[in-house]
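In this text, all values refer to a predicted model and were calculated from it rather than measured experimentally. Every heavy atom of this structure was used, including side-chain atoms; hydrogens, water molecules and symmetry mates were not.
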Amino acid sequence: MADNDSNKRRRLVELKDGCRYGKFGRTTAYELIARDKIKAYKMGGKTMIDLDSVDEYHASLPRVETRVS
């Protein structure tokens with residue numbers, strides 16, 4: 001059986017917890033949401049962050065290259 005998004009459980013947390021998990025602030029979180037870098041959903045009046053999308057965002061960041069003298 002193929003694993004697709006419809007069969008996958010979302011790991012959703014409130015915005016503040018998503019920011020803590022992702023190590024960024026509220027403003028950065030909303031910027032990342034606006035640029036489609038992380039996924040967010042509305043549940044009632046709350047913004048819920050998809051932790052899997054935060055993991056994917058972190059994995060996409062460029063690696064720091066160090067110079068060896």
Separation between CE of Met48 and CZ of Arg10, rounded to the nearest 0.5 Å
11.5 Å
Please enumerate all residues that pass salt bridge (Lys or Arg N to Asp or Glu O under 4.0 Å) together with Lys16, with sequence neighbours excluded.
none
Atom OG1 of Thr47 and atom NZ of Lys42: how far apart are they, to the nearest 0.5 Å?
3.0 Å
Nearest-0.5 Å distance, NZ of residue Lys23 to NE2 of residue His58:
8.5 Å
Identify the two heavy atoms, one from Arg9 and one from Asp52, that lie closest to each other, and give their separation to 0.1 Å.
O-OD2, 4.2 Å
List in chain and number order the residues that pass salt bridge (Lys or Arg N to Asp or Glu O under 4.0 Å) with Glu31, two or more places apart in sequence or in another chain; answer none if no residue qualifies.
none
Quick check for you: to the nearest 0.5 Å, what is the distance between Lys37 atom NZ and Thr28 atom OG1?
13.5 Å
Which residues end up grouped with Ile33 if you chain together Ile, Leu, Val, Met, Phe, Trp and Tyr wherever their side-chain heavy atoms are less than 4.5 Å apart?
Val13, Leu15, Tyr21, Phe24, Tyr30, Leu32, Ile38, Ile49, Leu51, Val54, Tyr57, Leu61
Which heavy atom of Cys19 sits nearest a heavy atom of Ala29, and at what distance?
SG-CB, 3.7 Å
